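Note that the structure is predicted; figures quoted are calculated from it, not measured.
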Amino acid sequence: MHEPQDPAKNERRLTYGLLLAAALVWLWSAYEPIDMHTWMIEQVATLIAAVIVLWLGRSVHFDSLSRVNFFLLFCIHTLGTHYTYSLTPYPEFSELLFGSSPNDWFNWQRNHYDRFVHFAFGALMYHPIKQALAPRLRQQKPPVHWLSGHIIVSVSALYELLEWAAAIIFGGDMGIAYLGTQGDIWDAQIDIALGGLGWMVACLMHYGVILCRVVAASNQRPLE
């Protein structure tokens, strides 16, 4: 006879497993990164994000999906810190797996890993932000979804401003490497927009899941 599963115990196991995996990913990223100075600067954003999550965790119980989303975003960001966003070899990885890369499919002339990270930020942070807002906006579900989008776009814009400030402070090749515009004058605006697009995709997926559940429940009702 199987013992009943303890949700809290399973959640702790998941959390410890994710923390261990995150530590291994971080240690890998710290081993001979392409640009150590840029890597060190990028860790400031990682540290700030970790402090915010831990602070919110004191009053918000993030579920398993939120914790997995935090882990995925950490891994995506950390991969970019090791190679630098503008030099992350996703075309090479893609060619090893599929025999071609997105740069070939879409005729891209630049490295778009930074764009992917901004999109992933909007998509992955939608659920945790919504979960943090929900207790404070009881019985107001639509504002929770919309406000999460406003926060994601605002944080994306703030990050671009901080990047600009850091590039001015450090200057030279280090500032250019950290900024990672790759010659695109609209880089900041596109990155902010992609954060918003990630939120919209996640929001649509959320409502899509709800719709599927409603349809499935209606199909299970007995005919009168």
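- Checked against a 6.0 Å centroid threshold, the rings of Y159 and F121 do not count as neighbours.
- Between D114 and the options T84, I190, D191, a side-chain contact (heavy atoms from CB on, under 4.5 Å) holds for only D191.
- Panel note: side chain S29, backbone W26; a donor-acceptor pair is recorded below 3.5 Å.
- Each of Y31, W39, Y113, W28 was scored for a ring pair (Phe, Tyr, Trp, His ring centres under 6.0 Å) with H82, with one residue passing: W28.
- Closest heavy-atom contact between T46 and H77: OG1-NE2, 3.0 Å.
- If you chain together hydrophobic residues whose side chains sit under 4.5 Å apart, L19 and V60 never meet in one group.
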Margin query: If you apply the rule ring-ring contact (aromatic ring centres under 6.0 Å, His included), what do you find for F106 with H112, and how did you get there?
Written below: CA-CA 11 Å; F106 303 107; H112 283 282; 9.1 Å; no

Next item on the list: Any chance you could lay out the side-chain contact (heavy atoms from CB on, under 4.5 Å) test for E160 and H118, step after step, and finish with the verdict?
Entry: CA-CA 11 Å; E160 294 299 324; H118 283 278; 3.1 Å; yes

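- D63 and S66 share a side-chain donor-acceptor pair at under 3.5 Å.
- A donor atom on one side chain and an acceptor atom on the other are found under 3.5 Å apart for N103 and Y90.
- Within the 3.5 Å criterion, the main-chain N or O of T78 finds a donor-acceptor partner in the side chain of T81.
- Ring geometry for H206 against H145 counts as tilted: the plane angle lies between 30° and 60°, on a 0 to 90° scale.
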